[in-house]
There are 2 protein chains.
Amino acid sequence: MAGIPDLEVFAPEPARGRADATASPRTLTDLAYARLRDDIVHGRLEPGAKLRVEHLKKLYGVGATPLREALSRLTSDGFVSAEGQRGFRVAEMSLAELDEITNLRVVLENLALAQSIRNGDDAWESGVVAAFHRLAKLEQAEDPDLGQWEDRNRDFHLALIAACTSQWLRRFYETLYDQHKRYRNLARIDKSMPRDVHAEHKSIRDAALGRDVDRACAENERHIRRTADVTSRILRENTGV
Amino acid sequence: MAGIPDLEVFAPEPARGRADATASPRTLTDLAYARLRDDIVHGRLEPGAKLRVEHLKKLYGVGATPLREALSRLTSDGFVSAEGQRGFRVAEMSLAELDEITNLRVVLENLALAQSIRNGDDAWESGVVAAFHRLAKLEQAEDPDLGQWEDRNRDFHLALIAACTSQWLRRFYETLYDQHKRYRNLARIDKSMPRDVHAEHKSIRDAALGRDVDRACAENERHIRRTADVTSRILRENTGV
DNA sequence: TTCAAGTATTTTGTCGATATTTTTTACTAT
DNA sequence: ATAGTAAAAAATATCGACAAAATACTTGAA
C-alpha cells in the first residue's frame, strides 16, 4: 500500500512562507488580488475604469466570489473605490493626491529608515549593499528596462528599511510605495529621467551604512521629492489629470 | 398628474454622503463591515477568536457573500487576520503592537493636527470648541459612561484634525485611532483613569485655538502617550497579553 | 506515548436564481 | 427642441445549494 510515499519527502515543498500577495497565492482570492493590484499599479486598468465582475471573471479566469473579495481588499488599500449599488471601479488619480502620497511617504519612509539604521545588524547591512549593487548595475547599463528597474528600486528601498520592526509602519509604507509607483507608471517616467538617480541612491546608501540617520533621511527625502516632482511635471504637461 | 410630489423637495434626503462605514450602510457588506469592526474594537469578539462564516451568518443575519467581503476589508485594515485555507480570525493583540500603534499614531495625528491648525478656518475653530465642550461636560459629570466618553473623545480628536486636507493621512489615522481604542477597551481603562484627562484635553484645545502648532503637538503627544502608558500598564498587570 | 490511517469539519470556490437599483431609452406635454 | 417621466434593459448585491480541497480530529495499534 506504500513504498512510494517516502519519495515525497524529497519533493520540493510548496514554499508557502508569508501571506504576502506577491508570494505564490494560496487561494484564488490571493491570485485575483495580486493580479488586480498589479494591473492597476501598472496602469493596464485605467483610473476610473469600471470593474465589472462579469468581465473580470473572463479576464482572470476565476469566479465572482474570489473576485469580490479581492476587490474588497483593494478598496481598503485605496486602489479601488466602491460605491454601494454602483459597483467597483479603479481609484481615480489626481495631482493633489500625488502630493498627499508624496508627503506621507516621506514621513513614513524616513521614520522606518531611521529605525532601521539604528537597529540594523550585519544582515541588514549586507542586504542594503547587495540591493544597491543590483540596482546600480541596472542603472548604469545602456538598456534601462523600466520593469526591471522598478523591481530593483523597490528591493533597494525595502532593503533600507528592512530592519524596521514596526509591522504597521511597514504595511502603510508598502501601500504608499505602490501608490507612488502607480503615478510614476501613469507618467511613464522612464523616458525622461535626466537627473542622476544613481547618485541619489548612492548618497542614501552611504549615509545609511555610515549610520548617519539625519543625512540618510535628508537624502532620502530629496530623492523621493525629486522623483515626485518629475512625475508631477510630466502629468501636468501631458494631461489634465 | 402631480401636486404631491413637490412635497418631497422638503423631505429629508437619504443623506448618503461618504462611504464611511459608520454612515447608514448602503449594502449588507457595509452593514457587516461596520458591525464586525465595532464588535472587534469593543472586544465582544476576542483577539484570536475564530470567525466562522457559518456562525457569523446567524449572528448578523446576512449571507456568506457580504460577510466574506467585510472580512476581506477588515483584513486589509488589520482588524482581522486571514490565513489561506485556514479561515479568518480576530487579529491578535500584543504589547509590542500597542507600542507600534502608539508611536505611529503620535506621528500621524500630529502631522494632521499641524496641517489642520495652519489651514483651519472659522468653521474648524467652532467645531473644536463645540466638540471640546461636549466632551468636557461629560468628563466633569459624576457618571462617566465609557461608551459615551469614547464617542465624544473621538469627536474631539477628529474635530481637531478636521481641517487636514490629506485623505490618506485621515484614512491611516482613523485606522490607528480605532486600533488604539481596541487596546483601551481590552484594558477596560475606564475604571482606572486617575490622571486629569480633562486638563490634557484643555491644553490641546488652547494650543490649537491659539494656533501654536508646536505646543499643540507636544500636548497632544503627551496626551496620547499617557493614555497608552496607562493602557499598557493595566494590560501587563492583569494578563500576559 | 506516539504514529498514522480514516473520518469529520471547515474552507474555498462555482453556479444559478432572484430581488433591487441604476441607467437607458422612448415618449409626452410643454 | 426640452424638461420630465414611464417603461425597458442592464448591473449589482445577495442567497443557497453543492463540490472539491485542505485541515483538524479520533482512534486503534505498535
Side-chain angles (χ1 to χ4, degrees), chain A residues 1-9 11 13-17 19 21 23-36 48-75 80-90, chain B residues 1-9 13-17 19 21 23-36 45 48-75 80-90:
Chain A
M1 197 155 278
I4 291 175
D6 282 3
L7 287 177
E8 295 187 343
V9 174
E13 287 196 39
R16 59 201 204 197
S24 57
R26 311 237 326 105
T27 69
L28 289 189
T29 296
D30 293 335
L31 208 215
Y33 176 83
R35 294 195 53 178
L36 272 167
K50 198 110 200 27
L51 293 170
R52 210 165 288 110
V53 176
E54 285 305 310
H55 176 243
L56 297 177
K57 273 167 63 174
K58 292 169 202 156
L59 187 57
Y60 296 125
V62 300
T65 308
L67 272 175
R68 294 189 65 89
E69 283 176 43
L71 289 168
S72 297
R73 282 170 57 184
L74 288 166
T75 296
V80 166
S81 67
E83 245 187 308
Q85 241 70 33
R86 219 164 300 178
F88 301 93
R89 48 179 67 237
V90 179
Chain B
M1 194 151 277
I4 291 176
D6 282 2
L7 288 176
E8 295 189 343
V9 174
E13 288 197 36
R16 61 196 204 198
S24 57
R26 311 234 332 107
T27 69
L28 291 188
T29 297
D30 293 335
L31 207 219
Y33 176 83
R35 295 196 51 177
L36 271 167
L45 289 171
K50 198 111 202 27
L51 293 170
R52 210 165 288 108
V53 176
E54 284 306 309
H55 176 243
L56 296 176
K57 272 169 62 175
K58 292 169 200 156
L59 187 56
Y60 296 125
V62 299
T65 309
L67 272 175
R68 294 188 64 85
E69 284 177 41
L71 289 168
S72 297
R73 282 170 56 185
L74 288 166
T75 297
V80 166
S81 68
E83 242 188 312
Q85 242 74 38
R86 219 164 301 180
F88 301 93
R89 48 179 68 237
V90 179

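All values below come from the heavy atoms of this structure, side chains included, with hydrogens, waters and symmetry mates left out. Labels below follow one simple rule: chain letters A, B, ... track the order of the sequence lines, proteins then strands, and each chain is numbered from 1.
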Fill in the blank from the handout: Separation of dT14(D) atom P from Leu56(B) atom CG, nearest Å, is 16 Å

Handout entry: Atom pair distance, as rounded to whole Å: CZ in Arg89(A) and P in dA11(D)
Key = 13 Å

Problem - Residues Arg73(B) and Asp30(B) bridged, charged N to O under 4.0 Å - result: yes

Handout entry: Distance in angstrom units between Asp30(B) CG and dT12(D) C1', rounded
Key = 13 Å

Practice task
Return the minimal non-hydrogen interatomic distance between Lys50(B) and Arg86(B), and the atom names on each side.
Solution key: NZ-O, 3.3 Å

Handout entry: Reported OG-to-CG distance for the pair Ser72(B) and Leu74(A), which is rounded to 0.5 angstrom
Key = 10.0 Å

Handout entry: Leu67(B) and Leu36(B), any side-chain heavy atoms less than 4.5 Å apart
Key = yes

Problem - Rounded distance in Å - OH (Tyr33(A)) to P (dG13(C)) - result: 16 Å

Exercise for the section: Enter the distance from Leu28(A):CG to Tyr60(A):OH here, rounded to the nearest 0.5 Å. Expected result: 14.0 Å

Handout entry: Rounded interatomic separation in angstrom, taking CD from Glu69(B) and C1' from dA13(D)
Key = 8 Å

Write down the protein N/O and nucleotide N/O pairs, taken from nucleotides 8-12 of chain C, whose separation is under 3.5 Å; answer none if there are no such pairs.
from, atom 1, to, atom 2, distance (Å)
dT11(C), OP1, Lys50(B), NZ, 2.7
dT11(C), O3', Gly87(B), N, 3.4
dT12(C), OP1, Gln85(B), N, 3.4
dT12(C), OP1, Gly87(B), N, 3.4
dT12(C), OP2, Arg68(B), NH1, 3.2
dT12(C), OP2, Arg68(B), NH2, 3.3

Completion exercise
To the nearest 0.5 Å, atom CG of Leu51(A) lies from atom OG1 of Thr75(A) at 9.0 Å

